[in-house]
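Worksheet: one structure, shown below.
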Amino acid sequence: MRIVITDLSVIYERGLPDERAAVSGVTLSVDQGESVAIAGPTGSGKTSLLEVMAGLVAPTSGTAALEGADGTLRSAVGLVYQFPELQFFEESILDEVAFGLRHQGAAEEEIPGIVRNALARAGLDPGLFLDRSPLSLSAGEKRRAALACMIALDRPFLLLDEPSAGIDPAMRERLVKFMLDMLEEGCGLVLVTHDLELAGRVAGRMIILSDGRVVADATPDSIFRDAPLLERLSLDPPPRYQLVNRVKSLAASKAPELERLLLPSVGRHLADVGRR
Amino acid sequence: MIEVQDVSLTYHGAGTSALSNVSLSVHPGESVAIAGASGSGKTTLLRLLNGLRLPSSGRVVVDEMDTANEKHVWEIRRRVGLIFQNPDNQLVSTTVEREIAFGMENLGLDRAEMRERISDVLSRLSLESLRDRPPHHLSGGEKQRVAVAAVLAMRPTYLLLDEPTSLLDALGRREVWSIIAGLAEDASCAVVHVTQFPEEIALATRVLVLDGGKLVFDGRPLDLFGAASDLRNWGLKRPPAMAIADELRANGITIPASVATLDELVLAVSRDESREGGV
């Protein structure tokens, strides 16, 4: 099963004075079991692209489709928003996480078990959180509750918009582990993020957007070593790449040893570096 | 000065308190980071500082005005600017320019002054090209810069920011940081910000750590990062530059102990080709 985007353009407010193109001529596909990070400056079209992949925004031109299975993008994809509080409206976490399940027609007696399991996987103790109001949670907890809503739906693709924003370092480690687990279970993962360190640890492939266009589609490692590209788009690679890239331009003679000590040798997967 | 005197706060219906017996003071010229695990009370503490939340017990006093005294509300709000975690919670106008003017109109500033301040903050946050755009059409990161600009234009004595850079790209983050650093340096303003980024804690002059609603650390970032076991217990990490520095030291490369940021690390390893043990 794969998400296939062909020559996609998204234009907002078409024909109005503030018409603007969010996505222009993007072609890409994401396979189930693949992990893709989408990065780029603010306003480069990342969230719009994600919303098209989730079947929530219709292409202005081009196509977005699910291949290799029956059904629509909407039924195959779970999207966790950048601002989770915008999606909460139930009175308890239990009902909030159950909402999508009920909508999908899950049997009522199975729901509590699925909800508990989803909360635990998202890093929220069901015993403490089931009966709380979603609106009473801290920002980091809301983010995990929103993730639980999508885990419960058990979709083949999980799309995450800035999943590491506003979460603490301990929870970030759990998030990384969660994403690697989901991958191992065969889920397709797409994350939009400014957090290139996170991207390097969980993504096998990275897409860089600028002004709505794809300007790079390669492994995180090769993108992180491309100092001119990163410079041009004001993107900071993970700290160890930043260090090596900057030392290369300041004191070239010292760079090779740093590179040997700090960066993965060619061919080794970056996730190994993160886990070290 | 903002004084927090033995403050506790329990949210309605919650079993445990969000903050317990917290005391501290914040002075103009300081750049204070509030750190701690998710749910430790960081946002609650920030919202107490401008009277958006009132303590269940204890007092918060802004320049000798108690936040619980209703007659001080407007004066306190004028002096203490707050930028929310989610910019959508504070953007209300039809264009970026009007959004920035909104707070100043409430202060009763004259138009010439408003125009000057609008130009100033638009250029400082690289927002000139978005001047006439509706804020709700902007990206998450652009909205965040507009929210910062709107509050800066009011020239507060105390600026409170709740994770101001969590949605920004590297450039936006550097811009917001240079502004924060500049404000704290001119000594007329104090900046208090909640952050999850260890490298942003390292840039502050002082860091407060909350753990389960209690203030467990109040001191210099370098001293905090020296206490490894406490850091873990409080759900914090050292800045990546410090961890990389350790890795390089283990490989025989000399790095000064004071290195906490990536800039400092780049300088340390680039300097002095001939020194023994250098790269």
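Letters go in sequence order (proteins before strands), and every chain restarts at 1.
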Let's test your reading of the structure: which of B:Glu163, B:Arg145, B:His137 forms the most heavy-atom pairs below 4.5 Å with chain A? B:His137
Nearest-0.5 Å distance that lies between atom CG in B:Leu138 and atom CZ in A:Arg20: 8.0 Å
Would you give the length of the straight line joining atom CG of B:Leu267 to atom CZ of A:Arg246, rounded to the nearest 0.5 angstrom? 7.5 Å
What part of B:Pro134 gets closer than 4.5 Å to chain A, counting heavy atoms only: side chain, backbone, both or neither? side chain
Measuring only between side-chain heavy atoms, which start at C-beta, is A:Leu262 closer than 4.5 Å to B:Glu247? yes
To the closest 0.5 Å, what do you measure between CG (A:Leu258) and CG (B:Asn251)? 10.0 Å
Rounding to 0.5 Å, atoms CG (B:Leu262) and CZ (A:Arg240) come to a distance of 11.0 Å
Can you confirm whether the side chains of A:Arg144 and B:Ser38 place a donor and an acceptor under 3.5 Å from each other? yes
Gap separating the CG atom of A:Leu243 from the CG atom of B:Leu265, nearest 0.5 angstrom: 4.5 Å
Using non-hydrogen atoms and a 4.5 Å limit, figure out which bit of A:Glu162 sits close to chain B: side chain, backbone, both or neither. side chain
With a 4.5 angstrom heavy-atom cut-off, which part of B:Ala241 approaches chain A: side chain, backbone, both or neither? neither
Compare all side-chain heavy atoms of B:Ile253 with those of A:Glu257 and state whether any distance is below 4.5 angstrom. yes
Side chains of B:Lys237 and A:Arg172 in contact at under 4.5 Å (non-hydrogen atoms): no
Report yes if some heavy atom in the side chain of A:Met171 is under 4.5 Å from a heavy atom in the side chain of B:Gln196; otherwise report no. no
Largest heavy-atom contact set with chain A, pairs under 4.5 Å, which of B:Glu142, B:Gln144, B:Lys42: B:Glu142
Quick one: what part of B:Asp132 sits under 4.5 Å from any heavy atom of chain A, side chain, backbone, both or neither? neither
Side chain from CB out, backbone as N, CA, C, O: work out which of these in A:Thr42 comes under 4.5 Å of a heavy atom of chain B, or both, or neither. both
